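Naming: A, B, ... by sequence-line order, numbering from 1 per chain. As the structure is a computational prediction, the values presented were derived from the model and not from experiment. When reading the values below, keep in mind they use all heavy atoms of this one structure, side chains included, and skip hydrogens, waters and symmetry mates.
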There are 2 protein chains.
Amino acid sequence: MCQNERVPKVVDRETRRGQVAEAIHRIAARDGLEGVSVRLVAAEAGLSVGAVQREFASKDELLRFALAASVDEVFARFGRFRIGPEGLTFTEGLRQVLLDLLPTDERRRAQARIWAAFYARAAVDPGFADVLAELDVRTREHLRRAFEYAREQGGLAPGHDPAALAELLIVFVDGLWLTCARLPEDADLAPQQAAIESVVRAITG
Amino acid sequence: MCQNERVPKVVDRETRRGQVAEAIHRIAARDGLEGVSVRLVAAEAGLSVGAVQREFASKDELLRFALAASVDEVFARFGRFRIGPEGLTFTEGLRQVLLDLLPTDERRRAQARIWAAFYARAAVDPGFADVLAELDVRTREHLRRAFEYAREQGGLAPGHDPAALAELLIVFVDGLWLTCARLPEDADLAPQQAAIESVVRAITG
DNA sequence: CGCGTTTTGATACAGTCGTATCGGTACGAC
DNA sequence: GTCGTACCGATACGACTGTATCAAAACGCG
């Protein structure tokens, strides 16, 4: 009777994993990845320690799942802005994506903090670095298409290598995102907005 | 006999604090800030736990001292490149400072990892964020002078607000530095070099 | 209903953490 | 020399950590 896995249970598992990832994100946004313990995650998710243990074999797997969830969320956020003939112009899409990164509400601020924590972890743990490296690959692929479109439309700064501009953008986004993570809640975002305007102009010419 | 503090002892303290900071940096570069424990720091510095405790009242003070030491080191590194009439041109100085950030040796790689760890900590601990915010202030002041010099020499991109360009540069440096922290040891740095060339051209016009 | 299988949450375990304590030791003053 | 003080390193403490174990409950199925 066990040769086919019970479907409803699988759904439960999936949703539960999501709950756990949410809990990790809440804790990490509050106390950093250092503050994430199995007991705390279980309590935050309203589960017992055992339940969390059954879902994830180790804490490492736990955190890796949370990182993957975060990556997907950020990628989905970027994907909301559609650049192309039937969507935004390249310049406007670029500007909106970058402005959307700014920590204008608590949700964004929390996400930036989580991101900073995972970045630090990736610096000393290849398993996490790989996840981010794969994100880089995906991002480059998307950017390549967007920049190709921009070039066709003549919306790219003349005399610049498009690939190099794309790399500039990737680095800039990382910096913007991580800078925002450490800004106080009531910080004036004007400098960052000015930097965004500058980078948009530098890329679109 | 104790109304004047004993001078030689003070010197010892200073050097010992330096040893401890070095030890923290080594551990943080290897395992991240999460791997830093008082016992490990003491062992790495060749001291007893008590000795470290006498030097630093708490672990927080310990880490804060290490961060301050790291900030000073990075600032000193930037200061090595002198831009001005009797030094480098703005363009060349800018390029060299940025290229110098790339993780071309183990020391630089370690520093980038430490920096990533402190960034993450600053995202959830205002005490650390303040140290970095003060660094921002100092950096802006230096950049203001350098950009002023560049403007006088006509070496700044026309039509751009110098202050906005400076903010762009700050964000870019953060991103470059932190991106490098998670690159594998044998990573090809060509994309980052290309991004640097692009940003130099974008700023200097 | 009753049985077999899973799932559950509590608890145990061994270890590490930051910090406090404390007897021994070295050293300067007289 | 002897005293007093400041420093030293070891060790103790309680609170955590991640993980393993296990009786009890819940559930599906004949």
Applied to residues 22-51 of chain B, the ring pair (Phe, Tyr, Trp, His ring centres under 6.0 Å) test, sequence neighbours excluded, yields none
Open item on the list: Any non-hydrogen side-chain atom of A:Asp60 less than 4.5 Å from a side-chain atom of A:Asp125?
Closed with: yes
Taken to the nearest whole Å, CD/B:Glu34 to C1'/C:dT16 is 14 Å
Under 3.5 Å between N/O atoms: give me all the protein pairs with nucleotides 24-26 of chain C, atom names plus distance.
none

Here the ring pair (Phe, Tyr, Trp, His ring centres under 6.0 Å) pairs for residues 181-204 of chain A, sequence neighbours left out, are none
Distance col, row B:Thr89:OG1 vs B:Ile83:CD1, nearest 0.5 angstrom, shows 8.0 Å
Below 3.5 Å between N/O atoms, which protein atoms pair up with nucleotides 14-17 of chain D? Just atom names and distances, please.
| from | atom 1 | to | atom 2 | distance (Å) |
| --- | --- | --- | --- | --- |
| D:dT17 | OP1 | A:Ser37 | OG | 3.0 |

Practice problem: Considering only NZ, NE, NH1 and NH2 on the basic side and carboxylate oxygens on the acidic side, decide whether A:Arg138 and A:Asp72 come within less than 4.0 Å. | Solution: yes
In whole angstroms, the gap separating P of C:dC17 from CZ of B:Phe56 amounts to 18 Å
Decide yes or no for B:Arg201 and A:Leu168: does some side-chain heavy atom of the first lie under 4.5 Å from some side-chain heavy atom of the second? no
The correct set of residues in residues 63-70 of chain B placing a heavy atom under 4.0 Å from DNA chain D is none
**Asked** Hey, does A:Leu176 have a side-chain heavy atom less than 4.5 Å from the side chain of A:Gln192?
**Response** yes
Between CZ of B:Arg54 and P of C:dG18 the distance, given in whole Å, is 17 Å
Separation of D:dC8 atom P from B:Leu47 atom CG, nearest Å, is 9 Å
A:Glu148 and A:Arg151 ion-paired at < 4.0 Å
yes
Below 3.5 Å is the cut-off: list the nitrogen or oxygen pairs between protein and nucleotides 20-23 of chain D, distance only.
| from | atom 1 | to | atom 2 | distance (Å) |
| --- | --- | --- | --- | --- |
| D:dA20 | N7 | A:Gln53 | NE2 | 3.2 |
| D:dA20 | N6 | A:Gln53 | OE1 | 3.2 |

request  = Could you tell me whether B:Arg145 and B:Glu141 make a salt bridge, using a distance below 4.0 angstrom between a side-chain N and a carboxylate O?
outcome  = yes
Margin query: Looking at A:Arg109 and A:Glu106, is any side-chain nitrogen of the basic one under 4.0 Å from a carboxylate oxygen of the acidic one?
Written below: yes
Rounded to whole Å, the CG-P distance (B:Asp31 to C:dC17) equals 11 Å
Whole-Å distance, B:Glu55 CD to C:dT19 C1', equals 17 Å
Distance col, row B:Leu165:CG vs B:Phe147:CZ, nearest 0.5 angstrom, shows 5.5 Å
- request: Could you walk me through whether A:Phe56 and A:Phe65 pass ring pair (Phe, Tyr, Trp, His ring centres under 6.0 Å), step by step?
  value: CA-CA 9 Å; A:Phe56 302 96; A:Phe65 179 81; 5.3 Å; yes
*Side chains of A:Thr104 and A:Leu99 in contact at under 4.5 Å (non-hydrogen atoms)*: no
